[in-house]
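Here the structure comes first, spelled out in structure tokens, and everything after it is commentary.
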Amino acid sequence: GVFAWLPPGVALARTAEAGRLLVAARAFGKGDVVFVEAALLSVAAPDDYTDEADDAVHLGLWEREVDAFDALDAVGRRRVLTMHAAAPPPRLAPLLEEFSRRRPADAQKRRRLPLIFSGNALEAGDRFLLPVMGSLIAHGCDASVVREANAAGGVEFVAVRPIACGEALSVDYLGQTLWPRARRREWLRANKGFECACARCQRPDLESSIACPRCVADHGGQWPLPLGGLVAPPAGGDQPFVELAGRLCPAARAGRWVC
């Protein structure tokens, strides 16, 4: 089958919530290479590409992705089309419909491929690398592995913390470890098309109590409050941070410092 080959140390599991996903078949320590995979597809990234790029940049990238897909053999194409494709981000949905209608005979393929790349590819310098097994690793804001491109053009999955045998592997799509929950979810909805419900998003949102570094420096190391006054940084357990988060202004709670 498409996923008949599994690298040593990982296993395929199925859940009602996430469908197919990879789990650790043994324990891994921080820094261990969990597995290495050759990218099935490699597509050149536009020079000026960002998540907020204009329509022409997105359309050009999507055409490259379709061309690379069409160059695969039948087995390779089947492997790509089994990958998860999230709902299109609202801001790109009309453009994606326009892209799919340019070739009505291939509309379904042209609608699905950009979403597969968006949800599963690794941006590595000037390339987007699309791994097969790596597509079975779910997002988690408190990820267990990080994806790294190697010199051979493959993708290495490296443990960033201890991983228990049987634990589902996860990777952070954002790479923004200090963003508070509201901002992480906002970005994932806009760019990946889903609402995050990972373990970190279920815990107290300690990051929302982080004050602007410039304000802290300007006030001698104390944190300014929106209605005036200063407070010393809390210490000792989670609860002081949770309480402080409720006293910061809405912009600070959302991770958007206005100063």
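Every value quoted in this text rests on a predicted model; they were computed, and no experiment measured them.
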Any side-chain heavy-atom pair of Trp62 and Leu113 under 4.5 Å: no
Exam field: side chain Arg200 to backbone Asp142, donor-acceptor pair closer than 3.5 Å: no
Where Arg79 and Leu40 come nearest, the two heavy atoms and their spacing: CB-CD2, 4.0 Å
Leu122 with Ile137, same ILVMFWY side-chain cluster at under 4.5 Å: yes
Ring geometry between Phe35 and Phe157 (parallel below 30°, tilted from 30 to 60°, perpendicular above 60°): parallel
Step-by-step side-chain contact (heavy atoms from CB on, under 4.5 Å) determination, Leu21 to Leu169: CA-CA 8 Å; Leu21 48 79; Leu169 302 180; over 6 Å; no
Greater than 12 external heavy atoms within 6.0 Å of Asp54's CG: yes
ILVMFWY network linking Val36 to Val155, side-chain heavy atoms under 4.5 angstrom: no
Closest approach of Arg147 to Ala121 (non-hydrogen atoms, all atoms of both residues): NH1-O, 3.6 Å
Minimum heavy-atom distance between Ala149 and Ala124, given as atom pair plus value: CB-CB, 3.5 Å
Residues Arg185, Glu195: salt bridge by 4.0 Å N-O rule: yes
Minimum-distance pair of heavy atoms, taken over all atoms of Pro46 and Leu61: CD-CD1, 3.9 Å
Side-chain donor or acceptor of Glu37 paired with backbone N/O of Glu156 under 3.5 Å: no
Joint hydrophobic cluster, Leu12 plus Val34, side-chain heavy atoms closer than 4.5 Å: yes
Leu96 to Pro114 - nearest heavy-atom pair and separation: CD1-CG, 3.7 Å
Any Leu59 side-chain heavy atom under 4.5 Å of Arg102 side chain: yes
Check: His139 ring centroid to Phe194 ring centroid under 6.0 Å: yes
Gap separating the CD1 atom of Ile116 from the CZ atom of Phe69, nearest 0.5 angstrom: 7.5 Å
Lys/Arg N to Asp/Glu carboxylate O, Glu167 vs Arg161, below 4.0 Å: yes
Phe117 backbone acceptor or donor facing Asn120 side chain under 3.5 Å: no
Hphob cluster co-occupancy, Val146 + Tyr173, side-chain heavy atoms under 4.5 angstrom: no
Positive for salt bridge (charged side-chain N to carboxylate O under 4.0 Å, His left out) with Asp70, one of Lys109, Arg110, Arg77: Lys109
Linked, directly or transitively: Val132 and Leu81 (ILVMFWY side chains, under 4.5 Å): yes
Intermediate values then yes/no, side-chain contact (heavy atoms from CB on, under 4.5 Å), Val80 and Leu41: CA-CA 9 Å; Val80 172; Leu41 283 176; 4.1 Å; yes
Within 45° cone of Phe28 ring axis and under 6.0 Å: Arg26 NZ or CZ: yes
Under 3.5 Å donor-acceptor, Ser144 side chain and Ser170 backbone: yes
Worked verdict on Val43 versus Leu129 for side-chain contact (heavy atoms from CB on, under 4.5 Å): CA-CA 7 Å; Val43 175; Leu129 305 178; over 6 Å; no
Verdict with supporting geometry, Asp55 and Glu98, side-chain contact (heavy atoms from CB on, under 4.5 Å): CA-CA 11 Å; Asp55 290 358; Glu98 174 191 332; 5.8 Å; no
Asp126 side chain vs Asp47 backbone, donor-acceptor pair below 3.5 Å: no
Which atom of Cys141 lies closest to which atom of Cys196, heavy atoms considered: SG-SG, 3.8 Å
